[in-house]
**Student:** 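Next up is a structure, given as structure tokens.
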Amino acid sequence: MRMYAPLYEGDSILRPDAALGESALRVFRSPAPAPEIVRSNIQVEAANETAFDIHAIEQIARIQRNAEISRLLNLLFKNIGAWFERLDYSERDRFFAESDNLCELEQRQRHYERTGMTHY
């Protein structure tokens with residue numbers, strides 16, 4: 001015996017097409033509903049036209065994946081470059097901040113402009 005969970009208001013627990021209130025003898029003696037077999041009426045030629053082109057789908061997926069990876073790597077390298085630039089700026093600012101007076105600051109500025117180095 002098949003057990004179905006009731007789907008609709010009139011369904012019983014034993015059979016989906018049995019309404020509540022029917023006698024048990026009548027429910028168990030009636031034939032269980034059988035699904036009809038559905039056959040395709042699409043001809044072979046038409047069926048081949050509707051088939052998926054797996055090779056084309058894979059090529060498009062590769063192109064899109066490569067474009068996304070390229071975009072992410074470009075973004076990564078930009079962020080790494082900006083990080084090094086900020087690191088350089090912070091080192092330069094720290095070099096200038098170590099000066100004790102205005103004369104030493106100007107001397108450090110000239111040194112940095114000539115050599116690009118942040119130490120003597």
Side-chain angles (χ1 to χ4, degrees):
M1 172 171 51
R2 292 183 183 173
M3 299 289 285
Y4 295 100
L7 299 175
Y8 304 105
E9 185 179 330
D11 292 348
S12 76
I13 293 180
L14 298 178
R15 296 220 0 231
D17 60 343
L20 293 174
E22 283 191 57
S23 66
L25 257 176
R26 191 165 149 197
V27 169
F28 286 115
R29 287 195 181 166
S30 61
E36 295 180 16
I37 296 176
V38 178
R39 298 184 189 275
S40 175
N41 58 359
I42 300 175
Q43 300 296 324
V44 175
E45 297 85 20
N48 289 337
E49 290 175 7
T50 59
F52 292 114
D53 187 8
I54 301 298
H55 182 68
I57 292 172
E58 285 178 353
Q59 282 182 331
I60 292 170
R62 279 192 192 103
I63 291 169
Q64 289 176 345
R65 182 176 51 238
N66 290 342
E68 184 64 17
I69 289 172
S70 172
R71 186 187 71 80
L72 290 174
L73 286 175
N74 191 12
L75 184 65
L76 176 71
F77 288 132
K78 281 183 183 177
N79 287 339
I80 289 174
W83 180 74
F84 277 117
E85 191 173 317
R86 283 192 308 271
L87 185 66
D88 186 39
Y89 287 159
S90 66
E91 186 178 344
R92 183 197 64 191
D93 292 343
R94 192 170 35 255
F95 174 68
F96 290 147
E98 289 174 358
S99 58
D100 293 332
N101 53 27
L102 187 59
C103 180
E104 190 179 349
L105 175 64
E106 289 175 354
Q107 186 180 11
R108 285 177 185 254
Q109 273 183 317
R110 282 192 300 274
H111 173 75
Y112 184 77
E113 287 171 358
R114 275 189 252 117
T115 63
M117 296 190 302
T118 58
H119 58 282
Y120 286 117

**Student:** Under a plain distance cut-off of 3.5 Å, with no hydrogens placed, do His111 and Gln107 share a side-chain donor-acceptor pair?
**Tutor:**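 Absent: no donor and acceptor within the cut-off.
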**Student:** Angle between ring planes, Phe95 versus Tyr112, binned at 30° and 60°: parallel, tilted or perpendicular?
**Tutor:** tilted
**Student:** Honestly curious: do Leu75 and Ile69 fall in one hydrophobic cluster under the side-chain, below-4.5 Å linking rule?
**Tutor:** no
**Student:** Could you tell me which residues satisfy salt bridge (Lys or Arg N to Asp or Glu O under 4.0 Å) with Glu98, sequence neighbours excluded, listed by chain and number?
**Tutor:**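 Residues passing salt bridge (Lys or Arg N to Asp or Glu O under 4.0 Å) with Glu98: Arg108.
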**Student:** Do Leu72 and Ile63 share a hydrophobic cluster (ILVMFWY, side-chain heavy atoms under 4.5 Å, transitive)?
**Tutor:**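 Cluster IDs for Leu72 and Ile63 differ.
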**Student:** How long is the gap from CD on Glu91 to CE on Met117, to the nearest 0.5 Å?
**Tutor:**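 The distance works out to 11.0 Å.
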**Student:** Testing the basics here: between Glu104 and Asp100, what is the closest heavy-atom pair and its distance to 0.1 Å?
**Tutor:**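 Smallest interatomic distance, heavy atoms only, reads OE1-N, 3.1 Å.
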**Student:** I need the full list of side chain to side chain donor-acceptor pair (under 3.5 Å) pairs touching residues 60-74, with sequence neighbours left out, sorted by first then second residue.
**Tutor:**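 Passing the test, one end in residues 60-74: Glu68-Arg71.
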**Student:** Show every side chain to side chain donor-acceptor pair (under 3.5 Å) that has at least one partner inside residues 75-90, sequence neighbours left out.
**Tutor:** Glu85-Tyr89
